[in-house]
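Everything on this sheet refers to the single structure shown next.
As a basis for the values below, the full set of heavy atoms in this structure was taken, side chains included, without hydrogen atoms, waters or symmetry mates.
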Amino acid sequence: GYDPSKNELYTSRSSGGVGHQIAVPHTLVAGEALQMHVFLDGPILEVIANGRSPSEAQVWPVPASMDVGAFGPCEVSKIAAWRLRSIHQG
């Protein structure tokens, strides 16, 4: 999520953005839209906003089904998802 009143980008390890949160400073310049790249690799969740301000959280244990969602004061204009293949043979 993003809190414009605090200029913070945050990740949450619970449902709906409530619970344990990790926040990093992130200021948008006037007219800049928030762009978030979200990477989920097993128990590691990494969020990079606008090509800067990385935030990382461990989401262990990994549930059989995990949801990724947007929360906070936002309007989502585009979502794209890809399943990456493993680098390991097998």
Side-chain angles (χ1 to χ4, degrees):
Y2 181 69
D3 185 342
S5 68
K6 296 179 180 179
N7 289 324
E8 287 183 341
L9 171 72
Y10 58 93
T11 56
S12 175
R13 293 172 29 167
S14 61
S15 179
V18 178
H20 180 73
Q21 294 182 346
I22 299 168
V24 296
H26 184 73
T27 302
L28 295 172
V29 296
E32 182 181 27
L34 178 64
Q35 297 178 342
M36 298 170 68
H37 290 103
V38 180
F39 302 92
L40 181 62
D41 184 5
I44 304 299
L45 173 69
E46 184 174 6
V47 179
I48 300 172
N50 299 79
R52 57 189 191 275
S53 304
S55 176
E56 187 175 289
Q58 185 174 10
V59 288
W60 193 263
V62 178
S65 166
M66 183 176 290
D67 296 328
V68 175
F71 49 91
C74 65
E75 177 183 317
V76 177
S77 61
K78 179 181 175 182
I79 294 177
W82 298 268
R83 180 175 297 276
L84 303 178
R85 64 178 177 82
S86 175
I87 63 168
H88 304 287
Q89 299 281 332

### Query
Any side-chain heavy atom of Phe39 within less than 4.5 Å of one from Val47?
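Result no, sub-4.5 Å side-chain heavy-atom pair not found.
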### Message
Testing the basics here: between Pro25 and Ser53, what is the closest heavy-atom pair and its distance to 0.1 Å?
### Response
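Result for this residue pair: O-OG, 3.3 Å.
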### Task
Looking only at non-hydrogen atoms, find the nearest pair between Ala49 and His26 and report the distance.
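Between these two residues, the closest heavy atoms are O-CE1, 3.4 Å.
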### Query
Hey, any chance Leu9 and Leu28 share a hydrophobic cluster, counting ILVMFWY side chains that come within less than 4.5 Å of each other, even indirectly?
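Looking at the clustering, Leu28 is in the same group as Leu9.
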### Message
Tell me whether Tyr2 shares a hydrophobic cluster with Met36, the cluster being built from Ile, Leu, Val, Met, Phe, Trp, Tyr side chains joined at under 4.5 Å.
### Response
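Result: yes, single cluster for both.
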### Query
What distance separates Glu8 CD from Thr27 OG1, expressed to the nearest 0.5 Å?
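Between Glu8 CD and Thr27 OG1, I get 10.0 Å after rounding to 0.5 Å.
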### Task
Taking Ser55 for its side chain and Ala23 for its backbone only, find out whether a donor-acceptor pair lies under 3.5 Å.
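Not confirmed, Ser55 side chain does not pair with Ala23 backbone.
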### Message
Quick check against the 3.5 Å criterion: does Asp3 have a side-chain atom that pairs as donor or acceptor with the backbone of Ser5?
### Response
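Answer holds: yes.
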